[in-house]
Amino acid sequence: MLDIKFIRENPEAVKQGVENKNEKDRVDELLEIDQRRRDIIIHADELKSRRNQASAQIPQMKKSGQDVSGVLAEMKRVSDEIAGLDSSLRNLETELENLLMYIPNLPHSSVPVGKSAEDNVEVRKWYPDNFSLDEKEKMLDHIELGKKLRILDFERGAKISGSGFPLYIGRGATLERALINFMLDYHLQNHGYSEVFPPFLVNRDSMKGTGQIPKMEEDMYHIEKDELFPIPTAEVPITNIYRNDIINESELPIKYVGYSACFRREAGSYGKESKGFLRVHQFNKVEMVKFVKPETSYDELEKLVGDAEDILRALKIPYRVLLLCTGDLSFSAAKCYDIETWSPAENRWLEASSCSNFENFQARRANIRFRNEATKKPEFVHTLNGSGLATSRLMVSILENYQTAEGKIIVPEVLQKYTGFNIIE
RNA sequence: GGAGAGAUGGCAGAGUGGUUGAAUGCGGCGGUCUUGAAAACCGUUAAGGAUGCAAGUCCUUCCGGGGUUCGAAUCCCUGUCUCUCCGCCA
């Protein structure tokens, strides 16, 4: 969330940012409640100060044998009034908090203003040698390939759980596992991350901390009996590792990489977009999360994107990098790059990674701070995360790009030592 | 799942109704001493909020929430978590 003081002092900038993100502007409403809240605090604090004085006075008066009944009666009235003020204060603060939770992060000044995905800016693209987007002979899509080679079974996945829960079989399952292990090892060995293996179910505070709740609550699975949420991304448990902590400045930057299954309800999205791997309720993802000092976060964002790109270059998968415009930026992000991989059968780009700088938006919600060694004061860290990468969309690109004329799949070279085989037929 | 114990500052650990934001020890920081360091000694060492140009002043906070009271770290209720024992279990 944003700092209420910042909103108070820069209402116009906040309104502009909210508008550019296509979010509802409730800034004036918020400021009005903030003003009422502060008025009550001033009044209540005066009364509490009086009560504290009396608390010190009463035992002394008793000791010297004075009659305290008058003070007691007065304090009774004061305490009742304080109780009333505190109660309305609590209500206002809840209201304020709720409004604040729905104000998105503001886009960074380097983010292009735009309405929708149409306005995203392509930053760069990369093709392996001898690659052309016009190659049309590879016509089987990943669903047909999966069925023909008996490596993916979407129908049985649907029987077991429901649509959108893919079942990997045989070499398909091995390939998936190889991909996850390859990506983890690559980031650990080449990019300086530490490995984490997080819980897949988290509590409400964690979901709030990273910003999935309250705005996206409808898209989250929710286990009511235990008040737990299956994670939509490892970003949630990993970022929350330091919730309510103060980190030593010398420990920054902290860089974690971890695998998790990801669960998304994807409420209301059906139709052709949802076939096969294109939109699923459960998928696998290797996630990178960074905790950094504020002044370094934009450099760290560029490195983060580069780390994800390295995986695709090693796999020799064609991709492009998009800088998202304000209108396409997610609620919590200040700046975000998407990486899309090429699907020859779909004849289009598929989002396989999203790398974002949240600045201190998540840190403020989750109360993640570091101690500034110069000032000795705690400050909010900046958090970033990026997929490195999601396997589902990536698997589409791998299967389709690596298919032979006979409909077999060559295993990408870097994965062969993980799979133990080099062809799926 | 059953029974019991506990949660206090960076850490350890006192504190069972009244100047307790909290003894004491350790750690950290500053200083004295020293050629330097150690030791010793002295001082200092929380976070959040309101207000103010600032210095400052005031308020809140002893796991979370509610209650009793003029007054709660301290008493009552409740939630969460941790530990011990029993049961179950990969």
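Model, not experiment: these values are computed from the prediction. In the text below, chain A, chain B and the rest are named by the order of the sequence lines, each starting its count at 1.
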Proximity to the side chain of [X] - top-ranked nucleotide from [options]:
X        : options                : result
A:Lys62  : B:rA50, B:rA47, B:rG18 : B:rG18
A:Met75  : B:rC59, B:rU51, B:rC70 : B:rC70
A:Lys5   : B:rG49, B:rG18, B:rC58 : B:rG49
A:Pro378 : B:rG48, B:rC59, B:rA50 : B:rG48
A:Ser55  : B:rA47, B:rG18, B:rG49 : B:rG18
A:Lys377 : B:rA47, B:rU51, B:rC58 : B:rA47
A:Arg51  : B:rA47, B:rU60, B:rG18 : B:rU60

Does a nitrogen or oxygen in the side chain of [X] sit under 4.0 Å from OP1 or OP2 of [N]?
X        : N      : answer
A:Arg50  : B:rC59 : no
A:Asn52  : B:rC59 : yes
A:Arg369 : B:rA46 : no

query = In dot-bracket notation, what is the pairing pattern of RNA chain B, taking Watson-Crick (N1-N3 plus N6-O4 or O6-N4) and G-U wobble (N1-O2 and O6-N3) contacts under 3.5 Å, with [ ] crossing and | for other strands?
reply = ((((((((.[[[..)..(.....]]]((((((.......))))))((((((....)))))).[[[[[..)....]]]]])))))))....
ask   = Is the NZ or CZ atom of A:Arg204 both under 6.0 Å from the centre of the six-membered ring of A:Phe229 and within 45° of that ring's axis?
value = no
